[in-house]
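Before any comments, here is the structure.
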Amino acid sequence: MFIINCPFCGEREQSEFKAGGEAHIIRPKQPTELSDDQWAEYLFMRKNIKGIQFERWNHAHGCRKWFNLVRDTSNDEIKAVYKMGEKPPIK
Amino acid sequence: MLSYNQALKGKKIFQDLQMEEIKPIMKLIIRGKKREFISAVGKSLNILLPTESNTSTQSDKLTALWLSPDEWMLFSNETVREDSNHYEIKELLSNKISIKNLGAITDVTDQFVMIELKGNKIYELFQTGSPFNFNDFQNKKGAVTQTILNKIDIIVHNLDKNVANLFVRRSFSQHLFSWMNDAASRL
Amino acid sequence: MTKNLRVKTGKAIDETYRISFKFNGSTYYGFKGDTLASALLANDIHLVGRSFKYHRPRGIMTAGSEEPNAIVQLHDNSSRTEPNVRATEVEIYEGLEASSQNCWPSVNFDVGGINNFLSPLLPAGFYYKTFMWPASFWEKYEYFIRKSAGLGKSPTKPDPDIYEHKYIHCDVLVIGAGISGIMAAKIAAKNNLKTLLVDEKPNLGGSTIYQNSDHFKINNQNSGSWVEKEINEIKKLENLEIKTRTTVVAYHGYNFLLARQNLTDHLPIEQRKNKTRHRLLKIRAKKVITATGSIERPMIFDNNDRPGILLSSAIKKYADYFGIACGEKNILFTNNDSAYETAISLIEKGINIEAIIDNREEINSKLIYEVEKNNIKIFKGYTIIDTSGYKRINKISIMQLSKDGQKVVGSKINLSCDCLGISGGWTPAVHLFTQSGGKLRFREEDQVFIPNTYPSDQLSIGACNGNLTLDEILRTTPESLIKFLNVKSSDYDNLEVLSEANKFKRNIWLLPSNKVLGKTKSFVDYQNDATSKDIKLALREGFRSIEHVKRYTTTGMGTDQGKLGNMHALGIISETTGTKMGELGTTTFRPPYTPLTFGTIVGRNVGEYFDVIRKTPLHDWHIDNNAEFENVGQWKRAWYYPRNTEDMHQAVQRESKAARASAGILDASTLGKIDIQGTDASEFLNRVYTNAWSKLAIGKCKYGLMLNEDGMVYDDGVTTRLGENHYIMTTTTGGAANVMSKLEDYLQTEWPELDVYLTSVTDHYATISVCGSNSKKIISKIITDVDFSDESFPHMSFKNVKIGKISCRIMRISFTGELSYEINVQANYGKSVWEKCMEAGKEFNITPYGTETMHLLRAEKGFIIVGQDTDATMTPIDLQMDWIVSKKKYDFIGKRSLYRSDTIREDRKQLVGLLTDNPDEVLEEGAQIVGDIKKSPIEMLGHVTSSYFSPNLRKSIALGVVKGGKNMMGQKLTIPMEKKNINVTVSDPVFLDKENKKLNA
């Protein structure tokens, strides 16, 4: 179980959080103008890589804020956490 | 007249630990992001909302707990009347905050049950069911945390050495209190 | 008649405190401080069990948690019975009862022993090979295999003991309180770090505590006394917490470790009352220091498993620590100097040693000189080739090793003995290190795996780090601790150490024999009866990966996880295949290090604490009024209220009739309630619901359907506009938390520009729904100053009212199709309001009804329940609810998905009503719906989602989802059941009052 450094509350045990999948997938502003394929790309397609992954997490049992984190899925090391709307501190 | 039914009956006394529900305590969730929101609350109630995470502030009548960057719990330091649910402070804030669209004021008086714990085994009890690290917390007067106890969301407020308030949603409160009593009986 | 082999008072034993215990039905005596193993050995009992596959007699082999053979059943035929307990770890107490496992009728005469003689027929993979064909026979085979599989018996009664969990956060966790761990704990605690020191044994000091040899000294004291002095010092340290009888069983990422603290297993049963038996410690440590020591290796030769064969270090411990001679004619067999330490201990206690067999030829060591001085015969350059003695070793045969160690030469010498100590050198206990994700490296010079790279902030020290002698430990440990803990100095910076063992080891994984391998039984895994022959067979049959060889031969798959023999298995594979050990790697070390009872894992999550329970403010009233409860998520909801001898069906029929005929009352407090405020609240609702919200007048309510982005129905409920920028949303009971979380997600991540605040108020209100034609009369008796006329208070509107001095809110909304009012009052007044309704409704026969009746009433009206009539594949169109999907709104969650090629298919499953040809026949929910029954294969069209007998319509009604059902109105379908086929007709899902006359009755 990870220790996650909530950008608002500080270090907490993973059990206080919920994972929310891949980060930086932006909801299209004009969904009606997208083809089925384009919409499916937004709706269904997610990365699942070994290595550096950008993820959304929610401090569900704490401040209830969503934030992003960068995790190396090969060893579960969390490289950085950052607030929604901020640019990832790591490429 | 309507009669009042509190969630948790009676005071539980163990060696080095006591716990009971304190009622009725007026409780509000207040939310806002703007700077004017914090100053309007401050001016109206003569209390400075805590902006540092995991902390609280107190005035004569009220305590404010930091819950998130735009959310606080405000509760009365003294119990209020059982035969009325009209709270002047809520009224005042509605006028100064809600109507002016500075933020949101929500009455959660009965949403949360406040359990007061006293004694030097408070944190030993929490350790049996909470993943939160209370090592520093227990020495910090006024510290606040939202975490889990026996799989249930709680808010803990360190009032003073060997005194803490625990807030839990009413529907969970009887189960949690029973569990706390069970755990406390073996401390 | 058993002998007493207690030769001297051991360090751990209190001889003034005698304890009686039972083993296999006979009573024996031991002393306080004894383990079951030491007490049995003191009574000259070696034979304690039978091996798993061949049922060979087996004896106590070790003195620790690595024990493969001496595993026993405790307290047979009681609720406290426990299988697979290591006799070497059980501390005896008055009343202890233990028995041997895997033998019948007794350990001395075991019918299964026949397997030993059949062993040529039971090679590795025997089960895989034999029970393959014919496939249809598997069920018959399985019965016999299951019967002979598994060790010990599991309890059949509930566990009477209490188990707990505890979270611990510390700066430094030290695992193992041997000499290295003690030094680490002292340095950490003295430098102001909150430190926890744990050890699996009841006492501190590891193996050093009983060293009193003149060959091993620290600052001119023997090492045992030095450690004892250190222990007394650390016990006084303020920052240090010490937990004994505490085994770290798992080491996960982020320095999260699980440890079992054993609190009462050593106490007489009557002293355990109301005490926690085991505590599972969930430890988060900033830094972890692993000081788990090492485990002595056995040696692999023919018949190396007989009772009376022990690890040499175990013989030493039993002598030094418990004052016991494991035998009267002892022989030691070694490839290193450790056996001579044992010999010196035995000599000092007057225990007879017949001979020492050392596979090294030329050796120089002060330890050996001392042994030789005592006229003990040492066979240098020899190996054991065989042993004999069925239930106790009585003879060994030895031969000289060739120079290269590959074969034996010369003539056979027989030596008689009753105990054989073997020492194959030491294996660092790297189990926890590798569990944490650490990578090992192989040290060729002495053939051991040692820690190489650390995945977290941790350090291995002492023997588990490959420092296998006292001088290595003391020379390297303080320095590495200073660096790791980032401190200036330690108390151990200038120690004087004397350590006189010779480090040379002659490692031969599989010792040669004068017989061909096929004729030998040289055990690698004692518990699972895997021999070197089996491993070689697996390799011949083409298995290469060590993980495959492990599973095929079951090496290392016993309850001991092969703590003794795994290294030899690797060694034999490495030699046979010509692969380097370092490249071969090890099998995965998995938690738990030693087995945990289920009780420990579960903790207090049993009985009433099995799962979290949520109760409404009216819960006590339901209990007082005989309600049966239904679990809805974590909620306990009143299900129905049986009267007298009513069963569920009768109660529900009565409740349903009364609710329509006159008045019913329901506790709806579990519905999720979200307070929504902010200048963009209306816009927000527009985006999250399928219908339009901007024009909803203040004071009005509206039903809304919420979709997922994939267009599927997610939740539904009524939302009320309380003010210009203020709404209160209700959600389904089960969906409340998820809806709140989803809405917050959109607000925080997709639409941060919206000025909207959400606050959950589910628990703030008691929600009481009064329905039926007389509901208005009842409510107006309680609230007298409100105009309840349809003009002033129409359907889908709300009013703020007061009951006494208490403000509350009444909504006129309906989930039953009847005129109904929903009172929302602060939870602590809820019970009182409910009682007032009951009192006011008495003259109208107001009938409390539960969730079952609620489901029936809404089904009559064709209202869906999200999660019952829908799963995550139903769009609003599939539900025939096109009316609720706004065509005008540019966007809302899920809108785009409603016209994907898949969602516009005509033949999707759609919600329809189903009427049985026989009106008394009630369908089963979940039953499959088919078209033409004669067609093969039968086409599955859908399934029944809700089904009831409607007392108000006096017929069976059902809702179901059917492929293309929308266009099948009036069509006949079939529902095949086990005993018959039921014919149904597709109908409108609204069965009652389609014109909504009753809402305004």
Side-chain angles (χ1 to χ4, degrees), chain B residues 1-7 23-24 27-34 70-71 81-86 97-99 101 103-113 124 126-136 150-152 168-176 178-179 182-183 185-186, chain C residues 162 164-170 194 274-276 279 282 284 603-605 608-609 611-617 619-620 634-635 669-670 675-679 723 725-726 755-766 803-808 825-833 835-836:
Chain B
M1 282 304 269
L2 293 177
S3 61
Y4 183 90
N5 272 288
Q6 68 186 99
K23 52 85 202 178
K27 309 172 197 91
L28 304 175
I29 293 285
I30 62 172
R31 303 196 57 178
K33 293 189 178 81
K34 300 173 192 143
D70 59 4
E71 183 173 358
R81 293 165 62 104
E82 282 185 6
D83 61 358
S84 161
N85 62 348
H86 180 83
I97 307 290
S98 311
I99 292 174
N101 293 326
I105 309 296
T106 308
D107 183 6
V108 289
T109 297
D110 286 0
Q111 167 87 354
F112 292 99
V113 169
E124 222 174 295
F126 290 165
Q127 270 190 298
T128 60
S130 175
F132 184 75
N133 184 352
F134 286 102
N135 288 349
D136 294 334
N150 182 35
K151 299 167 280 182
I152 295 168
V168 59
R169 288 172 68 163
R170 194 189 195 279
S171 61
F172 293 100
S173 64
Q174 289 176 2
H175 183 78
L176 182 69
S178 162
W179 181 90
D182 172 72
S185 71
R186 287 184 304 276
Chain C
I162 292 173
E164 270 186 330
H165 292 177
K166 185 175 187 175
Y167 290 85
I168 294 181
H169 300 261
C170 57
K194 189 178 155 68
N274 301 325
K275 287 182 185 152
T276 306
R279 195 175 275 145
K282 302 177 172 182
R284 283 282 186 187
R604 284 302 287 154
N605 299 311
E608 62 177 306
Y609 304 118
D611 195 7
V612 170
I613 290 171
R614 298 180 75 179
K615 294 178 187 168
T616 77
H619 189 84
D620 291 348
Q634 293 171 324
W635 288 100
S669 307
T670 61
D675 184 82
I676 305 174
Q677 297 181 43
T679 49
N725 299 319
H726 192 182
D755 176 35
V756 177
Y757 296 102
L758 308 176
T759 304
S760 169
V761 287
T762 303
D763 298 36
H764 183 61
Y765 295 105
I803 304 177
K805 281 187 188 166
I806 304 303
S807 310
C808 49
V825 61
Q826 250 176 262
N828 286 341
Y829 305 100
K831 194 174 170 214
S832 186
V833 171
E835 281 163 350
K836 286 223 177 308

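Remember, predicted model here, so these are calculated numbers, not experimental data. Scope of the values below: all heavy atoms of this structure, side chains included, with no hydrogens, waters or symmetry mates. In what follows, every chain begins at residue 1, and chains take the letters A, B, ... in the order their sequences are listed.
- For Asn274(C), the part sitting under 4.5 Å from any heavy atom of chain B is the backbone (N, CA, C, O) and nothing else.
- Between chain C and the residues Phe134(B), Phe132(B), Phe112(B), the largest count of heavy-atom pairs under 4.5 Å involves Phe132(B).
- Residue contact with chain B, scored on non-hydrogen atoms closer than 4.5 Å, is absent for Glu835(C).
- Between chain C and the options Ser130(B), Ala183(B), Gly129(B), the largest number of non-hydrogen pairs under 4.5 Å is found for Ser130(B).
- Residues Glu82(B) and Tyr829(C) share a closest heavy-atom pair of O-OH, 2.6 Å.
- Of the atoms belonging to Lys282(C), not a single heavy atom falls under 4.5 Å from chain B.
- Closest non-hydrogen pair, Ala7(B) versus Val113(B), comes out as CB-CG2, 3.7 Å.
- Interface check for chain C: of the options Ser84(B), Ser185(B), Ser173(B), the most heavy-atom pairs under 4.5 Å are formed by Ser84(B).
- At a threshold of 4.5 Å between non-hydrogen side-chain atoms, the residues Ile806(C) and Tyr4(B) do not count as touching.
- Comparing Cys170(C), Ala766(C), Ala827(C) by heavy-atom pairs within less than 4.5 Å of chain B, the highest count is held by Ala827(C).
- Contacts between Thr762(C) and chain B at a heavy-atom distance below 4.5 Å involve backbone atoms as well as side-chain atoms.
- A salt bridge between Lys166(C) and Glu124(B) is absent, with no side-chain N of the basic residue lying under 4.0 Å from a carboxylate O of the acidic one.
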Original post:
Could you go step by step and tell me if Thr679(C) and Asn725(C) meet the side chain to side chain donor-acceptor pair (under 3.5 Å) rule?
Top reply: CA-CA 5 Å; Thr679(C) 49; Asn725(C) 299 319; 5.9 Å; no

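- Heavy-atom distances place both the backbone and the side chain of Asp83(B) under 4.5 Å from chain C.
- Between Arg169(B) and Gln111(B), some side-chain heavy-atom pair lies under the 4.5 Å cut-off.
- Comment: Asp620(C) does not engage Lys831(C) in a salt bridge, judged by the lack of any side-chain N to carboxylate O separation of less than 4.0 angstrom.
- Contact annotation for Ile162(C): only side-chain heavy atoms (C-beta onward) come within less than 4.5 Å of a heavy atom of chain B.
- To the nearest 0.5 Å, the span separating CZ on Arg81(B) from NZ on Lys805(C) amounts to 5.0 Å.
- Interface remark: of the candidates Ile29(B), Asn85(B), Ile152(B), Asn85(B) forms the most heavy-atom pairs closer than 4.5 Å to chain C.
- Across Ile105(B), Asp70(B), Asn150(B), the residue that shares the most heavy-atom pairs under 4.5 angstrom with chain C is Ile105(B).
- Taking a cutoff of 4.0 Å between a charged side-chain nitrogen and a carboxylate oxygen, Arg279(C) and Glu164(C) qualify as a salt bridge.
- Ranking His165(C), Glu608(C), Arg604(C) against chain B, the residue ahead of the rest is Arg604(C), based on heavy-atom pairs under 4.5 Å.
- Contact of the Cys808(C) side chain with the Tyr765(C) side chain is not registered, since no non-hydrogen atoms from C-beta on lie closer than 4.5 Å.
- Considering only heavy-atom pairs separated by less than 4.5 Å from chain C, the leading option among Arg186(B), Met1(B), Lys151(B) is Arg186(B).
- Contacts of Ser669(C) with chain B are absent, with no heavy-atom separation under 4.5 Å from either backbone or side chain.
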